[in-house]
> 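Got a structure for you, questions after.
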Amino acid sequence: DKKIACAGPLEVNFKSLTPSAVTHFWTFSGGILSSSDPNPVRIFNNETTYNLRYIATNINGCSDTLIKYGAIEIRQPIIEILASVENGCAPYTTDFTLFKDGEGTFQQVKWDFGDGSQYTGVNPPSVSMNQEGTKVITVNIDFIGNCPSQTITKTIVAGKLSSFETKINPTTVCVKEGVSAIITKTSPETKYTWYFGDGTNSTLQNPFHQYNSTGSFNISLVVLGDNGCRDSMARSITVKPSPVASFTSMPVCPGQQAQ
């Protein structure tokens with residue numbers, strides 16, 4: 001089986017499982033001394049991966065070779081702070097967990113939430129982001145045994161939707177006449193989608209739209225900031241029928257009065 005440790009020295013006892021073998025030869029990568037002992041003991045100190053080769057030879061001079069790549073591994077565990085939400089629109093609440101890949105048992109875990117509050121333990125309480133800004137979460141981890149301590153960080157961000165103002169002009173139009181949807185106050189990082197209530201939409205900031213039928217329509221605007229914040233508004237307009245221009249003409253003889 002593969003042996004993993006977060007730090008050296010790691011002492012490993014190797015045992016031959018080949019009872020018919022009369023000679024044994026073990027070699028190790030990383031400058032570890034070879035051995036002809038059937039059950040050698042070796043100490044691994046450096047943070048790296050070690051390969052192993054074992055040659056067993058029987059009384060007939062026949063041999064077999066077993067190679068195990070990465071049989072021994074010494075490395076610090078990879079620790080990562082996971083947040084349920086790390087970039088959202090204020091206010092929001094987020095929860096933290098620790099992801100660990102590798103060996104090492106936590107002895108003490110200390111959290112610093114970047115606002116003066118702290119917590120000791122693996123499972124910290126929820127953190128609220130009530131206003132726009134960032135927090136740098138710092139975790140100091142001590143391990144049981146000789147594993148080195150680690151300090152890791154995580155930055156969470158709370159955004160705020162930029163204020164915006166709109167104007168619909170006019171709010172009463174005739175068929176085929178146009179309506180201007182105008183955003184009078186905005187910010188460059190904001191995205192907009194206008195919905196005109198007749199199945200059409202526009203992502204222009206200040207679109208111009210014509211209606212082909214009469215009735216009452218709700219014009220709505222959805223605003224999305226690059227920080228995940230979202231807002232919307234709606235206005236109602238009325239589209240009235242347009243008159244149908246028509247005329248007739250007839251010839252008038254000289255001296256006659258037109259009827």
Side-chain angles (χ1 to χ4, degrees), residues 1-15 17 28-32 39-52 67-162 189 224-231:
D1 295 335
K2 183 174 183 176
K3 302 296 181 182
I4 303 176
C6 60
L10 171 64
E11 182 177 282
V12 181
N13 299 311
F14 297 93
K15 181 179 180 180
L17 298 178
F28 311 90
S29 64
I32 304 299
N39 304 310
V41 178
R42 288 293 182 270
I43 296 177
F44 301 85
N45 292 294
N46 298 327
E47 187 172 328
T48 187
T49 299
Y50 297 87
N51 302 322
L52 161 68
I67 298 176
K68 286 191 174 182
Y69 296 99
I72 309 295
E73 183 178 8
I74 297 179
R75 66 171 174 87
Q76 294 188 45
I78 299 172
I79 312 294
E80 184 180 353
I81 303 171
L82 302 180
S84 58
V85 182
E86 59 184 73
N87 189 349
C89 190
Y92 71 83
T93 299
T94 185
D95 296 301
F96 297 104
T97 56
L98 290 178
F99 168 79
K100 179 171 73 72
D101 177 21
E103 295 299 305
T105 302
F106 296 152
Q107 183 178 53
Q108 183 171 259
V109 179
K110 291 184 177 181
W111 297 76
D112 187 323
F113 299 107
D115 57 3
S117 60
Q118 297 181 335
Y119 176 80
T120 298
V122 176
N123 301 308
S126 300
V127 172
S128 295
M129 296 291 286
N130 295 318
Q131 56 188 1
E132 183 180 13
T134 62
K135 285 184 180 180
V136 178
I137 312 301
T138 303
V139 182
N140 296 299
I141 303 172
D142 295 326
F143 296 89
I144 295 175
N146 61 343
C147 293
S149 299
Q150 290 192 37
T151 298
I152 56 177
T153 61
K154 181 80 168 183
T155 300
I156 59 175
V157 180
K160 181 181 179 182
L161 188 64
S162 301
E189 73 277 5
L224 182 65
D226 62 358
N227 47 28
C229 297
R230 181 187 179 96
D231 201 357

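Basis for what follows: all heavy atoms, side chains included, without hydrogens, waters or symmetry-related copies.
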> Is the closest side-chain heavy-atom distance between T94 and E86 below 4.5 Å?
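In short, these two side chains do not touch, never coming nearer than 4.5 Å.
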> Within this structure, what is the CG-CG distance for the pair L98 and L82, rounded to the nearest 0.5 Å?
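L98 CG to L82 CG: 8.0 Å, rounded to 0.5 Å.
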> Identify the heavy atoms of S149 and D142 that sit nearest to each other, and give their distance.
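Nearest pair, atom of S149 first, then D142: OG-OD1, 2.6 Å.
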> May I have all residue pairs that pass salt bridge (Lys or Arg N to Asp or Glu O under 4.0 Å) and include part of residues 105-133, sequence neighbours excluded?
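As it turns out, the salt bridge (Lys or Arg N to Asp or Glu O under 4.0 Å) pairs with a partner in residues 105-133, which skip direct neighbours, are D115-K135.
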> If we only count heavy atoms from C-beta on, is the V12 to F28 side-chain gap below 4.5 Å?
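No, too far: nothing below the 4.5 Å cut-off.
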> Is E80 close to I152 at the side-chain level, that is, under 4.5 Å between some pair of heavy atoms?
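With C-beta onward as the side chain, the pair stays apart.
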> If you define the side chain from C-beta out and look only at heavy atoms, does anything of Q76 sit under 4.5 Å from I79?
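No; the side chains remain at least 4.5 Å from each other.
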> Show every donor-acceptor pair shorter than 3.5 Å between a side-chain atom in residues 42-50 and any protein atom, with sequence neighbours excluded, or say none if there are none.
{"residue": "R42", "atom": "NE", "partner": "L33", "partner atom": "O", "Å": "3.0"}
{"residue": "R42", "atom": "NH2", "partner": "S34", "partner atom": "O", "Å": "2.9"}
{"residue": "Y50", "atom": "OH", "partner": "N46", "partner atom": "N", "Å": "3.2"}
{"residue": "Y50", "atom": "OH", "partner": "N46", "partner atom": "O", "Å": "3.2"}

> Tell me if a side-chain donor or acceptor on T105 pairs with a main-chain N or O of I144 at a distance below 3.5 Å.
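Not at all, since once roles are kept as given, no pair shorter than 3.5 Å links the two residues.
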> For A7 and P148, work out which heavy atoms get closest and say how close.
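What the structure gives for the nearest pair is CB-CD, 4.0 Å.
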> According to side chain to side chain donor-acceptor pair (under 3.5 Å), who are the partners of K2, at least two apart in sequence or on a separate chain?
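Counting only residues at least two positions away or on another chain, K2 forms a side chain to side chain donor-acceptor pair (under 3.5 Å) with E73.
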> Answer yes or no: is there a side-chain heavy-atom contact under 4.5 Å between C147 and Q107?
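C147 does not reach Q107 side chain to side chain.
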> Grab the two heavy atoms, one from P124 and one from F113, that are nearest each other, plus how far apart they are.
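Taking every non-hydrogen atom into account, CB-CZ, 3.7 Å.
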> Counting neighbours of NZ on K68 that are heavy atoms of other residues, nucleotides or ligands and sit closer than 6.0 Å, is the number greater than 12?
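Count not over threshold, so no.
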> Between V157 and M129, which heavy-atom pair has the shortest distance, and what is it?
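Answer, listing the atom of V157 first, then M129: C-CE, 4.4 Å.
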> Are I72 and I32 side-chain neighbours, meaning at least one heavy-atom pair lies under 4.5 Å?
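No, too far: nothing below the 4.5 Å cut-off.
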> Counting distance only, does the side-chain N/O of W111 pair as donor-acceptor with the main-chain N or O of I137 below 3.5 Å?
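Not a single qualifying donor-acceptor pair exists.
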> So, applying side-chain contact (heavy atoms from CB on, under 4.5 Å) with F96, which one of N123, V127, V139, V122 is it?
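When N123, V127, V139, V122 are each tested with F96, the side-chain contact (heavy atoms from CB on, under 4.5 Å) holds only for V127.
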> Of all heavy-atom pairs between V85 and T93, which one has the smallest distance, and what is that distance?
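In this case the closest contact between V85 and T93 is CG2-O, 4.2 Å.
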> Identify the heavy atoms of I81 and T153 that sit nearest to each other, and give their distance.
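For I81 and T153, the tightest heavy-atom pair comes out as CD1-C, 3.9 Å.
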